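For reference, the structure is listed below as C-alpha coordinates.
Just so it is clear, the model here is predicted, and its values are computed rather than measured.
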2 protein chains.
Amino acid sequence: MMNYSIILKEHDLKVTPQRLAIADIINVNGHVTIDFLYALMAKKFDSISLATIYKNINLMLKNSFIQEVSLPQVKNVYELTKASHSHLVCSKCLRVEDIDIDLDSSFKTVTKTTEFSIDSASLVFNGLCIDCKDN
Amino acid sequence: MMNYSIILKEHDLKVTPQRLAIADIINVNGHVTIDFLYALMAKKFDSISLATIYKNINLMLKNSFIQEVSLPQVKNVYELTKASHSHLVCSKCLRVEDIDIDLDSSFKTVTKTTEFSIDSASLVFNGLCIDCKDN
DNA sequence: CTGACTGCAAACGTTTTGCACGGTA
DNA sequence: TACCGTGCAAAACGTTTGCAGTCAG
(Lines give C-alpha, C1' and ligand atoms only; values in the text may rest on other atoms or scores of the structure.)
Protein backbone atom coordinates (compact mmCIF):
# COMPACT_ATOMS: atom_id res chain seq x y z
CA MET A 1 0.00 0.00 0.00
CA MET A 2 1.58 3.22 -1.13
CA ASN A 3 1.21 6.70 0.25
CA TYR A 4 0.08 8.50 -2.83
CA SER A 5 -0.29 11.85 -1.08
CA ILE A 6 3.42 12.19 -0.55
CA ILE A 7 4.30 11.10 -4.07
CA LEU A 8 1.76 13.49 -5.54
CA LYS A 9 3.18 16.37 -3.52
CA GLU A 10 6.69 15.43 -4.56
CA HIS A 11 5.56 16.00 -8.12
CA ASP A 12 3.98 19.36 -7.34
CA LEU A 13 0.49 17.96 -7.60
CA LYS A 14 -2.16 19.06 -5.16
CA VAL A 15 -3.82 16.16 -3.42
CA THR A 16 -7.44 15.60 -4.36
CA PRO A 17 -9.66 12.53 -4.05
CA GLN A 18 -9.69 12.19 -7.83
CA ARG A 19 -5.91 12.26 -8.08
CA LEU A 20 -5.50 9.75 -5.27
CA ALA A 21 -7.88 7.45 -7.11
CA ILE A 22 -6.08 7.89 -10.42
CA ALA A 23 -2.74 7.15 -8.78
CA ASP A 24 -4.15 4.06 -7.10
CA ILE A 25 -5.78 2.72 -10.26
CA ILE A 26 -2.62 3.15 -12.31
CA ASN A 27 -0.44 1.65 -9.59
CA VAL A 28 -2.69 -1.35 -9.04
CA ASN A 29 -3.27 -2.08 -12.71
CA GLY A 30 0.18 -1.26 -14.01
CA HIS A 31 -0.93 0.08 -17.37
CA VAL A 32 -4.23 1.79 -18.09
CA THR A 33 -5.93 3.37 -21.07
CA ILE A 34 -8.02 6.51 -20.71
CA ASP A 35 -11.18 4.46 -21.19
CA PHE A 36 -10.24 1.93 -18.55
CA LEU A 37 -9.31 4.64 -16.10
CA TYR A 38 -12.54 6.50 -16.74
CA ALA A 39 -14.62 3.37 -16.23
CA LEU A 40 -12.99 2.66 -12.87
CA MET A 41 -13.19 6.28 -11.78
CA ALA A 42 -16.89 6.32 -12.63
CA LYS A 43 -17.42 3.57 -10.06
CA LYS A 44 -15.82 5.63 -7.32
CA PHE A 45 -17.23 9.03 -8.20
CA ASP A 46 -20.84 9.60 -9.04
CA SER A 47 -20.07 12.45 -11.38
CA ILE A 48 -16.54 12.20 -12.69
CA SER A 49 -15.78 14.05 -15.89
CA LEU A 50 -13.64 12.84 -18.75
CA ALA A 51 -12.24 16.36 -18.85
CA THR A 52 -10.93 15.87 -15.33
CA ILE A 53 -9.28 12.63 -16.37
CA TYR A 54 -7.55 14.27 -19.31
CA LYS A 55 -6.52 17.35 -17.35
CA ASN A 56 -4.99 15.22 -14.62
CA ILE A 57 -3.29 12.80 -16.97
CA ASN A 58 -1.73 15.68 -18.87
CA LEU A 59 -0.58 17.40 -15.72
CA MET A 60 0.77 14.16 -14.27
CA LEU A 61 2.68 13.60 -17.49
CA LYS A 62 4.12 17.09 -17.41
CA ASN A 63 5.23 16.63 -13.81
CA SER A 64 6.67 13.18 -14.54
CA PHE A 65 4.41 11.44 -12.08
CA ILE A 66 3.33 9.10 -14.86
CA GLN A 67 4.60 8.18 -18.31
CA GLU A 68 2.83 7.63 -21.57
CA VAL A 69 3.51 4.38 -23.39
CA SER A 70 2.68 4.58 -27.05
CA LEU A 71 2.08 1.20 -28.62
CA PRO A 72 1.64 0.40 -32.31
CA GLN A 73 -1.97 -0.34 -33.33
CA VAL A 74 -3.47 -0.02 -29.85
CA LYS A 75 -4.41 2.86 -27.59
CA ASN A 76 -1.78 4.58 -25.50
CA VAL A 77 -1.43 3.38 -21.94
CA TYR A 78 -0.16 5.19 -18.85
CA GLU A 79 2.09 3.88 -16.12
CA LEU A 80 3.74 5.30 -13.02
CA THR A 81 7.17 6.70 -13.81
CA LYS A 82 9.88 4.09 -13.38
CA ALA A 83 13.25 3.15 -14.80
CA SER A 84 13.49 2.73 -18.55
CA HIS A 85 12.13 -0.59 -19.73
CA SER A 86 10.46 -2.27 -22.67
CA HIS A 87 6.96 -3.65 -23.15
CA LEU A 88 5.22 -6.81 -24.23
CA VAL A 89 1.77 -6.41 -25.72
CA CYS A 90 -0.62 -9.28 -26.28
CA SER A 91 -2.31 -8.80 -29.65
CA LYS A 92 -5.34 -10.72 -28.43
CA CYS A 93 -6.19 -9.54 -24.92
CA LEU A 94 -4.17 -6.31 -25.19
CA ARG A 95 -2.47 -6.95 -21.88
CA VAL A 96 0.74 -4.98 -21.42
CA GLU A 97 3.70 -6.25 -19.42
CA ASP A 98 7.02 -4.69 -18.53
CA ILE A 99 10.30 -6.34 -19.42
CA ASP A 100 13.91 -5.31 -18.98
CA ILE A 101 15.91 -5.55 -22.17
CA ASP A 102 19.54 -4.58 -22.40
CA LEU A 103 19.83 -2.19 -25.32
CA ASP A 104 23.50 -1.31 -24.92
CA SER A 105 24.62 -3.16 -28.04
CA SER A 106 21.81 -1.54 -30.02
CA PHE A 107 22.91 1.87 -28.79
CA LYS A 108 26.44 1.08 -29.89
CA THR A 109 25.24 0.06 -33.32
CA VAL A 110 23.45 3.37 -33.72
CA THR A 111 26.48 5.32 -32.53
CA LYS A 112 28.78 3.45 -34.90
CA THR A 113 26.64 3.66 -37.99
CA THR A 114 24.97 7.05 -37.68
CA GLU A 115 25.56 10.55 -36.43
CA PHE A 116 22.49 10.53 -34.25
CA SER A 117 22.92 11.34 -30.56
CA ILE A 118 20.39 9.17 -28.79
CA ASP A 119 18.35 10.28 -25.80
CA SER A 120 16.03 7.37 -25.36
CA ALA A 121 14.73 4.22 -26.96
CA SER A 122 11.34 2.56 -27.06
CA LEU A 123 11.06 -1.15 -27.65
CA VAL A 124 7.73 -2.93 -27.90
CA PHE A 125 7.16 -6.62 -28.58
CA ASN A 126 3.90 -7.80 -30.04
CA GLY A 127 2.73 -11.36 -29.63
CA LEU A 128 0.52 -13.60 -27.59
CA CYS A 129 0.59 -13.86 -23.83
CA ILE A 130 0.59 -17.16 -22.00
CA ASP A 131 -3.16 -17.09 -21.54
CA CYS A 132 -3.96 -16.34 -25.15
CA LYS A 133 -1.43 -18.33 -27.13
CA ASP A 134 -3.05 -21.69 -26.43
CA ASN A 135 -6.63 -20.63 -27.08
CA MET B 1 12.72 5.91 -60.97
CA MET B 2 10.27 3.20 -60.05
CA ASN B 3 7.36 1.85 -61.99
CA TYR B 4 4.62 2.41 -59.46
CA SER B 5 1.90 1.05 -61.74
CA ILE B 6 3.27 -2.46 -61.58
CA ILE B 7 3.81 -2.37 -57.84
CA LEU B 8 0.33 -1.01 -57.24
CA LYS B 9 -1.18 -3.78 -59.37
CA GLU B 10 0.88 -6.37 -57.54
CA HIS B 11 -0.89 -5.22 -54.39
CA ASP B 12 -4.35 -5.38 -55.96
CA LEU B 13 -4.61 -1.62 -56.17
CA LYS B 14 -6.16 -0.02 -59.20
CA VAL B 15 -3.88 2.55 -60.78
CA THR B 16 -5.11 6.12 -60.50
CA PRO B 17 -3.25 9.40 -60.80
CA GLN B 18 -3.78 10.00 -57.08
CA ARG B 19 -2.31 6.65 -56.13
CA LEU B 20 0.67 7.08 -58.39
CA ALA B 21 1.33 10.42 -56.74
CA ILE B 22 0.97 9.00 -53.23
CA ALA B 23 3.35 6.16 -54.06
CA ASP B 24 5.86 8.59 -55.50
CA ILE B 25 5.68 10.99 -52.57
CA ILE B 26 6.16 8.22 -50.03
CA ASN B 27 8.98 6.64 -52.03
CA VAL B 28 10.83 9.90 -52.55
CA ASN B 29 10.43 11.15 -48.99
CA GLY B 30 10.85 7.86 -47.19
CA HIS B 31 8.48 8.63 -44.34
CA VAL B 32 5.45 10.87 -44.54
CA THR B 33 2.70 12.01 -42.21
CA ILE B 34 -0.87 12.45 -43.42
CA ASP B 35 -0.46 16.22 -43.26
CA PHE B 36 2.74 16.23 -45.26
CA LEU B 37 1.26 13.92 -47.86
CA TYR B 38 -1.86 16.04 -48.13
CA ALA B 39 0.15 19.22 -48.57
CA LEU B 40 2.18 17.72 -51.40
CA MET B 41 -0.86 16.18 -53.03
CA ALA B 42 -2.60 19.54 -52.94
CA LYS B 43 0.16 20.94 -55.11
CA LYS B 44 -0.40 18.30 -57.77
CA PHE B 45 -4.19 18.15 -57.71
CA ASP B 46 -6.37 21.20 -57.65
CA SER B 47 -9.11 19.52 -55.66
CA ILE B 48 -7.68 16.63 -53.68
CA SER B 49 -9.70 15.50 -50.71
CA LEU B 50 -8.35 14.44 -47.33
CA ALA B 51 -10.90 11.64 -47.50
CA THR B 52 -9.16 10.31 -50.59
CA ILE B 53 -5.83 10.39 -48.79
CA TYR B 54 -7.21 8.46 -45.84
CA LYS B 55 -9.07 5.95 -47.99
CA ASN B 56 -5.98 5.24 -50.02
CA ILE B 57 -3.65 5.06 -47.06
CA ASN B 58 -5.96 2.61 -45.34
CA LEU B 59 -6.33 0.47 -48.44
CA MET B 60 -2.59 0.54 -49.10
CA LEU B 61 -2.01 -0.55 -45.52
CA LYS B 62 -4.50 -3.38 -45.84
CA ASN B 63 -2.85 -4.57 -49.04
CA SER B 64 0.64 -4.24 -47.53
CA PHE B 65 1.78 -1.73 -50.11
CA ILE B 66 2.80 0.57 -47.29
CA GLN B 67 3.39 0.24 -43.55
CA GLU B 68 2.42 2.43 -40.65
CA VAL B 69 5.18 3.46 -38.27
CA SER B 70 3.89 4.54 -34.90
CA LEU B 71 6.31 6.74 -33.03
CA PRO B 72 6.08 7.94 -29.43
CA GLN B 73 5.03 11.58 -29.04
CA VAL B 74 4.85 12.35 -32.76
CA LYS B 75 2.40 11.64 -35.53
CA ASN B 76 2.40 8.31 -37.28
CA VAL B 77 4.36 8.13 -40.50
CA TYR B 78 3.94 5.86 -43.51
CA GLU B 79 6.64 4.13 -45.53
CA LEU B 80 6.74 1.68 -48.43
CA THR B 81 6.72 -1.89 -47.19
CA LYS B 82 10.21 -3.22 -46.66
CA ALA B 83 12.08 -5.67 -44.46
CA SER B 84 11.72 -5.24 -40.73
CA HIS B 85 13.86 -2.46 -39.37
CA SER B 86 14.07 0.13 -36.61
CA HIS B 87 13.76 3.90 -36.66
CA LEU B 88 15.64 6.97 -35.55
CA VAL B 89 13.56 10.05 -34.84
CA CYS B 90 15.01 13.49 -34.39
CA SER B 91 13.21 15.21 -31.52
CA LYS B 92 13.90 18.60 -33.04
CA CYS B 93 13.24 18.41 -36.78
CA LEU B 94 11.15 15.21 -36.54
CA ARG B 95 13.09 13.59 -39.34
CA VAL B 96 12.78 9.80 -39.40
CA GLU B 97 15.53 7.49 -40.58
CA ASP B 98 15.70 3.73 -40.98
CA ILE B 99 18.31 1.63 -39.24
CA ASP B 100 18.95 -2.08 -39.07
CA ILE B 101 19.27 -3.35 -35.54
CA ASP B 102 19.81 -6.99 -34.70
CA LEU B 103 17.18 -7.91 -32.14
CA ASP B 104 17.96 -11.60 -31.87
CA SER B 105 19.41 -11.37 -28.38
CA SER B 106 16.43 -9.32 -27.24
CA PHE B 107 14.09 -11.95 -28.64
CA LYS B 108 16.02 -14.60 -26.77
CA THR B 109 15.73 -12.64 -23.54
CA VAL B 110 11.98 -12.43 -23.93
CA THR B 111 11.71 -16.13 -24.73
CA LYS B 112 13.84 -17.05 -21.73
CA THR B 113 12.17 -14.84 -19.18
CA THR B 114 8.52 -14.86 -20.23
CA GLU B 115 5.91 -17.08 -21.76
CA PHE B 116 5.10 -14.63 -24.51
CA SER B 117 5.29 -15.86 -28.09
CA ILE B 118 6.55 -12.91 -30.07
CA ASP B 119 5.35 -11.98 -33.52
CA SER B 120 7.10 -8.69 -34.05
CA ALA B 121 9.06 -5.94 -32.39
CA SER B 122 9.16 -2.20 -32.78
CA LEU B 123 12.24 -0.28 -31.79
CA VAL B 124 12.44 3.50 -31.99
CA PHE B 125 15.36 5.70 -30.96
CA ASN B 126 14.77 9.31 -30.04
CA GLY B 127 17.53 11.84 -30.18
CA LEU B 128 19.05 14.55 -32.30
CA CYS B 129 20.09 14.14 -35.91
CA ILE B 130 23.41 15.35 -37.23
CA ASP B 131 21.91 18.61 -38.45
CA CYS B 132 20.15 19.44 -35.20
CA LYS B 133 22.56 18.31 -32.52
CA ASP B 134 25.03 21.13 -33.09
CA ASN B 135 22.50 23.94 -33.30
C1' DC C 1 -20.19 -1.65 -68.98
C1' DT C 2 -19.50 -2.39 -64.17
C1' DG C 3 -17.40 -1.87 -60.17
C1' DA C 4 -14.07 0.90 -57.98
C1' DC C 5 -12.25 5.67 -57.01
C1' DT C 6 -12.84 10.56 -56.10
C1' DG C 7 -14.48 14.66 -53.81
C1' DC C 8 -17.66 16.87 -50.96
C1' DA C 9 -20.20 17.21 -46.82
C1' DA C 10 -21.74 15.31 -42.79
C1' DA C 11 -20.90 12.30 -38.95
C1' DC C 12 -18.08 10.36 -35.53
C1' DG C 13 -14.81 9.60 -31.61
C1' DT C 14 -11.36 11.63 -28.98
C1' DT C 15 -9.23 15.39 -26.71
C1' DT C 16 -9.20 20.25 -25.33
C1' DT C 17 -11.11 24.53 -23.71
C1' DG C 18 -14.01 28.07 -21.08
C1' DC C 19 -16.55 28.98 -17.36
C1' DA C 20 -18.95 28.75 -12.88
C1' DC C 21 -18.70 26.36 -8.70
C1' DG C 22 -16.41 23.98 -4.93
C1' DG C 23 -12.35 22.36 -2.41
C1' DT C 24 -7.32 22.43 -0.98
C1' DA C 25 -3.64 24.49 1.43
C1' DT D 1 -8.99 33.66 1.46
C1' DA D 2 -6.80 32.87 -2.87
C1' DC D 3 -5.86 29.81 -5.99
C1' DC D 4 -6.34 25.45 -8.06
C1' DG D 5 -9.30 21.49 -9.32
C1' DT D 6 -13.71 19.79 -10.82
C1' DG D 7 -17.67 19.11 -13.80
C1' DC D 8 -20.43 20.48 -17.46
C1' DA D 9 -21.05 21.98 -22.05
C1' DA D 10 -19.21 23.45 -26.16
C1' DA D 11 -15.50 23.55 -29.28
C1' DA D 12 -11.69 21.70 -31.74
C1' DC D 13 -9.32 18.13 -33.97
C1' DG D 14 -8.41 14.00 -36.67
C1' DT D 15 -10.53 10.37 -39.05
C1' DT D 16 -14.41 7.90 -41.18
C1' DT D 17 -18.66 7.43 -43.73
C1' DG D 18 -22.41 8.12 -47.33
C1' DC D 19 -23.45 9.60 -51.54
C1' DA D 20 -23.39 11.28 -56.36
C1' DG D 21 -20.56 11.74 -60.18
C1' DT D 22 -16.41 9.92 -62.72
C1' DC D 23 -12.90 6.81 -64.19
C1' DA D 24 -10.14 2.47 -64.75
C1' DG D 25 -10.14 -2.06 -66.52
Side-chain angles (χ1 to χ4, degrees), chain A residues 3-26 32-63 65-66 68-78 94, chain B residues 3-26 32-63 65-66 68-78 94:
Chain A
N3 188 327
Y4 301 114
S5 293
I6 293 176
I7 312 180
L8 285 171
K9 283 175 192 160
E10 283 173 355
H11 290 85
D12 296 312
L13 295 163
K14 248 183 199 177
V15 177
T16 68
Q18 289 87 344
R19 287 180 184 171
L20 288 170
I22 291 174
D24 184 55
I25 290 171
I26 297 180
V32 304
T33 60
I34 295 290
D35 288 349
F36 181 86
L37 179 57
Y38 180 56
L40 263 61
M41 290 292 284
K43 291 185 183 172
K44 297 191 183 181
F45 300 86
D46 45 340
S47 61
I48 180 74
S49 167
L50 249 182
T52 301
I53 305 281
Y54 279 109
K55 284 171 187 168
N56 279 318
I57 288 293
N58 287 332
L59 190 60
M60 287 171 168
L61 283 172
K62 190 160 74 94
N63 293 11
F65 177 67
I66 62 174
E68 187 176 64
V69 184
S70 84
L71 308 166
Q73 321 303 341
V74 301
K75 288 178 190 160
N76 286 354
V77 296
Y78 301 89
L94 304 186
Chain B
N3 188 328
Y4 302 114
S5 293
I6 292 176
I7 313 180
L8 286 171
K9 284 175 192 158
E10 283 173 354
H11 290 85
D12 295 312
L13 295 163
K14 246 181 200 179
V15 177
T16 69
Q18 288 86 346
R19 288 182 183 170
L20 287 170
I22 292 174
D24 184 54
I25 290 170
I26 297 180
V32 304
T33 61
I34 294 291
D35 288 349
F36 181 85
L37 180 55
Y38 180 55
L40 263 60
M41 290 292 285
K43 290 186 185 171
K44 296 192 183 181
F45 299 87
D46 45 339
S47 61
I48 182 76
S49 168
L50 249 183
T52 300
I53 304 281
Y54 279 109
K55 284 171 187 169
N56 279 319
I57 288 293
N58 286 332
L59 190 59
M60 288 172 168
L61 282 172
K62 190 160 73 97
N63 294 9
F65 177 67
I66 61 175
E68 187 175 62
V69 185
S70 86
L71 308 166
Q73 321 301 343
V74 302
K75 289 178 190 160
N76 285 354
V77 296
Y78 300 89
L94 303 186

- Closer to the 5' end of DNA chain D via nearest nucleotide, is it B/K75 or A/S49?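 Final value for this comparison: A/S49.
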Measure from [atom1] on [X] to [atom2] on [N] and round the result to the nearest Å.
X	N	atom1	atom2	result
A/D12	D/dG5	CG	P	11 Å
B/I53	D/dT16	CD1	P	13 Å
A/I57	C/dT14	CD1	P	16 Å
B/I6	D/dG25	CD1	P	13 Å
B/I34	D/dC13	CD1	P	18 Å
B/D46	D/dT22	CG	P	14 Å
B/R19	D/dA24	CZ	P	11 Å
A/L8	D/dG5	CG	C1'	13 Å

Looking only at heavy atoms, which two atoms of [X] and [Y] are closest? And how far apart?
X	Y	answer
B/H11	B/I7	ND1-O, 2.8 Å
B/L61	B/E68	CD2-N, 3.4 Å
A/F45	A/A21	CE1-CB, 3.7 Å

- Message: Taking 4.0 Å as the cut-off, does a side-chain nitrogen or oxygen of B/Q18 come that near to OP1 or OP2 on D/dC23?
- Response: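 For B/Q18, the contact criterion (side-chain N or O under 4.0 Å from OP1 or OP2 of D/dC23) is not met.
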- Task: Output yes when at least one side-chain N/O atom of A/N76 is less than 4.0 Å from OP1 or OP2 of C/dT14, else no.
- Result: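 No, outside the criterion.
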- Task: Using a 4.0 Å heavy-atom cut-off, write out nucleotides 16-25 of chain C from 5' to 3' as B (base contacted by protein), S (sugar-phosphate only) or - (no contact).
- Result: BBB-----BS
- Report the distance from atom CD1 of B/I53 to atom CE of B/M60, rounding to the nearest 0.5 Å.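 CE of B/M60 is found 9.5 Å from CD1 of B/I53.
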- Name the nucleic acid region contacted by B/T52, choosing base, sugar-phosphate or nothing; use a 4.0 angstrom heavy-atom cut-off, strictly under.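 Base, at least one base heavy atom under 4.0 Å.
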- Residues that A/K44 engages under salt bridge (charged side-chain N to carboxylate O under 4.0 Å, His left out), provided they are two or more places apart: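 So A/K44 forms a salt bridge (charged side-chain N to carboxylate O under 4.0 Å, His left out) with A/D24.
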- Message: So does B/S5 get a backbone contact from the side chain of B/N3, meaning a donor-acceptor N/O pair under 3.5 Å?
- Response: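 Yes: the side chain of B/N3 pairs with the backbone of B/S5.
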- Item | Residue pairs fulfilling salt bridge (charged side-chain N to carboxylate O under 4.0 Å, His left out) with at least one residue in residues 9-23 of chain B, sequence neighbours excluded |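 Salt bridge (charged side-chain N to carboxylate O under 4.0 Å, His left out) check on residues 9-23 of chain B returns no pairs.
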